[in-house]
Structures are given as C-alpha cells and as structure tokens.
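These numbers come from the heavy atoms of this one structure, side chains and all, not from hydrogens, waters or symmetry mates. Protein chains get the first letters and strands the later ones, always in sequence-line order, with residue 1 at the start of each.
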2 protein chains.
Amino acid sequence: MNRTTGAVKGKRVVMVCGVPMDMANCPVRDVMDNIGGKWNSLMILSLAEGPLRFSQLRRLIPDISQRMLTQTLRDLQRDGYLSRTVYPTQPPSVEYSLTDLGRSFLVPLKLFVDWSLQNHDAIRKARAEYDAVA
Amino acid sequence: MNRTTGAVKGKRVVMVCGVPMDMANCPVRDVMDNIGGKWNSLMILSLAEGPLRFSQLRRLIPDISQRMLTQTLRDLQRDGYLSRTVYPTQPPSVEYSLTDLGRSFLVPLKLFVDWSLQNHDAIRKARAEYDAVA
DNA sequence: CCGTATCCGCCCCGATACTG
DNA sequence: CAGTATCGGGGCGGATACGG
C-alpha cells in the first residue's frame with residue numbers, strides 16, 4: 001500500500017488505513033469537533049434512555065454551567081444529534097431527545113466508553129512511568 | 001432506573017446508561033482529552049499499519065507543524081499509545097510504533113471513523129437546515 | 001423555567017527561528 | 001534528521017448578571 005501524501009487537484013490528501021482522507025474537508029475531524037467538546041458526548045449519553053427537560057439535565061450534570069448547557073444543546077441540535085420540543089405551558093418547558101442520528105451514534109460512543117473504562121488504569125500507569133523517568 | 005444525581009462521599013456522581021460516572025476522576029473524560037486533540041487520533045491511525053519515523057510522519061501529514069508533531073507524539077507516548085525507539089545512526093533516526101494499548105484503541109477508533117464517513121452528509125444537511133431557519 | 005449577554009482567563013495551536 | 005524555544009492569536013469555557 002502506498003502511504004505517500006500529495007496535492008491532488010490542490011487538495012491535501014492523507015492516506016490512512018488505505019483510505020484517502022481529504023484534510024481540508026475531513027468528516028472525521030468534523031464529527032470529532034462536534035463531540036470532542038467538554039460536555040457533548042456526556043450530553044448524548046445522558047439522553048440515551050429517554051427525553052429530558054432543560055432543568056432535569058441541569059440537575060443530572062451538576063458541574064455544567066447554564067451557559068454551556070444551552071450552548072451544548074444548541075450545537076448538538078444544529079448537527080442533528082438531538083431535537084428540541086417546546087411545550088407551551090406556564091412556565092414553558094422544553095424537552096430534548098435524541099434523533100435517529102443521535103441514537104445511531106450511541107453505538108461507537110458506547111464502545112469508546114467501554115474501552116476507556118477497561119484501559120484507564122493502563123493509561124494512568126503508563127503516564128506515571130513516563131513522568132517518573134522525566 | 002434511577003437517574004438522579006447526588007453527592008456520594010463528597011464525589012460528584014452522574015448516572016449515565018445505568019453506570020455511575022465519577023465526574024471528578026472520569027476515565028472517559030481522561031481518554032477523550034488524550035485523543036480529542038487536533039492531531040492525536042490521526043496520528044494513531046497513521047501508525048496503524050506499521051512503525052514510521054519522524055520525518056515520514058511529517059511528510060504523511062503535511063499540514064501538521066513541527067511543534068505539534070513533536071508534542072502529539074510525546075503526549076501519545078506518555079499515555080502509552082505508542083513507543084519511541086532511537087537508532088544511534090548519524091544523523092539519528094527515531095521510530096514510532098503503536099503499543100498493544102494503541103492497537104487495541106484502533107477498534108473503537110475505526111468504528112468512530114466509519115460512523116463519521118457514513119453520517120457526515122446527514123450532519124452537514126442538518127446543519128444547513130438549522131442555519132437556514134436562523 | 002429556560003434561556004441571553006457580557007466579560008475574561010486559559011490553553012491549544014500555528015508561525016518562526018534556532019540547536020545537536 | 002529530530003527536535004527545542006519563544007511569541008502571539010483565537011476560541012473554549014467559567015462566572016456573573018439580566019430577560020421573557
């Protein structure tokens with residue numbers, strides 16, 4: 001397999017695992033930016049078992065600020081991971097729930113969570129050893 | 001299932017998918033910080049098919065700066081994803097290769113890449129629709 | 001209850017220049 | 001070839017206060 005890189009029609013292309021990746025418009029980078037934020041993946045996981053209201057999410061994730069809760073929900077809604085429905089009560093209540101896209105993302109996300117839980121100790125150990133040398 | 005949150009022995013615990021998550025020392029957050037960087041996951045993918053030298057990686061990923069290449073490699077080595085071996089030639093050559101930990105991470109990572117490639121269009125579409133309304 | 005608006009510190013990352 | 005050192009912009013995210 002050829003792993004060289006080059007400019008193809010002015011595009012930066014990186015061969016990774018035999019698949020050409022357009023770095024200028026990279027899907028992986030794009031998705032990673034979405035869920036790589038501090039709260040995004042946790043938000044999706046929190047909604048995995050059913051819809052929740054704004055204040056419920058706030059109580060469920062006590063450490064998040066009101067600002068970041070709003071922003072995270074808006075970003076995830078914008079990218080299609082979740083939907084927002086407003087119930088015209090008094091005072092108003094807003095419910096957030098995963099879309100099909102959001103639910104489908106749970107598959108790789110949960111695998112990632114499992115891996116993290118299984119290998120966290122190994123990582124912490126490696127880190128400690130590295131720091132001990134330095 | 002109970003999804004309430006609470007202080008357990010002074011720790012912030014969030015119930016997610018039935019699993020209690022300690023937010024103060026969260027493995028998922030820890031791992032996400034490692035590979036959530038701009039170049040980290042791409043670096044691991046680049047080394048998936050075999051060891052590469054510093055300059056080879058530099059050519060393979062043309063957009064990365066020398067500084068970030070060094071830093072990314074050091075961070076990934078520190079957390080145990082890859083190993084660094086120096087060959088005492090003149091001039092010196094340094095080879096980077098995935099460890100067992102790094103290779104095992106390829107499983108969830110590749111699943112994530114596949115999902116990104118499959119759903120990128122849907123995300124871009126959702127984003128366009130959202131922006132059109134606003 | 002469900003947000004907005006504003007200010008601001010921090011740190012990621014790029015650019016550039018220099019070493020062994 | 002394989003790094004290190006230094007500077008600086010920009011954006012993420014926290015704190016706080018205010019609005020419908």
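Side-chain atoms of A/Gln56 come within 3.5 Å of backbone N or O of A/Arg53 as a donor-acceptor pair. Formation of a donor-acceptor pair under 3.5 Å by the B/Thr72 side chain with backbone atoms of B/Leu69 is not found in this model. Checking side-chain atoms of B/Arg103 against main-chain N and O of B/Leu98 turns up a donor-acceptor pair under 3.5 Å.
Look at CG on A/Leu57: it is 14 Å from C1' on C/dG3, rounded to the nearest Å. Between the P atom of C/dC13 and the CG atom of B/Leu42 lies a distance of 13 Å, rounded to the nearest Å. As a whole-Å value, the separation of B/Leu69 CG from C/dA15 P is 14 Å. In this structure, the CG atom of A/Leu52 is 15 Å from the C1' atom of C/dC1, given to the nearest Å. A straight line from CD of B/Gln90 to C1' of D/dC1 spans 9 Å, rounded to a whole angstrom. Atom C1' of nucleotide C/dT4 and atom CE of A/Met68 are separated by 14 Å, given to the nearest angstrom. Following rounding to the nearest Å, A/Asn40 (CG) and D/dC12 (P) show an atom-to-atom distance of 11 Å. The distance between atom CG of A/Asp33 and atom P of C/dC13, rounded to the nearest whole Å, is 10 Å.
In terms of position on DNA chain D, the residue among A/Ser65 and B/Arg53 whose nearest nucleotide sits closer to the 5' end is B/Arg53. When the nearest nucleotides of DNA chain D are assigned to A/Gly37 and A/Pro92 by heavy-atom distance, the more 5′-ward of the two goes with A/Gly37.
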Under 3.5 Å, which N/O atoms of the protein pair with N/O atoms of nucleotides 3-7 of chain D?
residue: D/dG3; atom: OP1; partner: B/Arg84; partner atom: NH1; Å: 2.1
residue: D/dG3; atom: OP2; partner: B/Tyr96; partner atom: OH; Å: 2.6
residue: D/dG3; atom: N7; partner: B/Gln66; partner atom: NE2; Å: 2.4

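For C/dC1, the OP1/OP2 oxygens have no side-chain nitrogen or oxygen of A/Ser93 closer than 4.0 Å.
A/Leu111 and A/Leu101 fall into different hydrophobic clusters, where Ile, Leu, Val, Met, Phe, Trp and Tyr are joined by side-chain heavy atoms under 4.5 Å apart, directly or via other members.
Salt bridge annotation for A/Asp79-B/Arg124: absent, with no cationic side-chain nitrogen under 4.0 angstrom from a carboxylate oxygen.
Under 3.5 Å, the side chains of A/Ser97 and A/Ser83 contain a donor-acceptor pair of N or O atoms.
In this pair, B/Phe105 and B/Tyr81 present their aromatic rings perpendicular. The plane angle is above 60°, beyond the 30 to 60° band.
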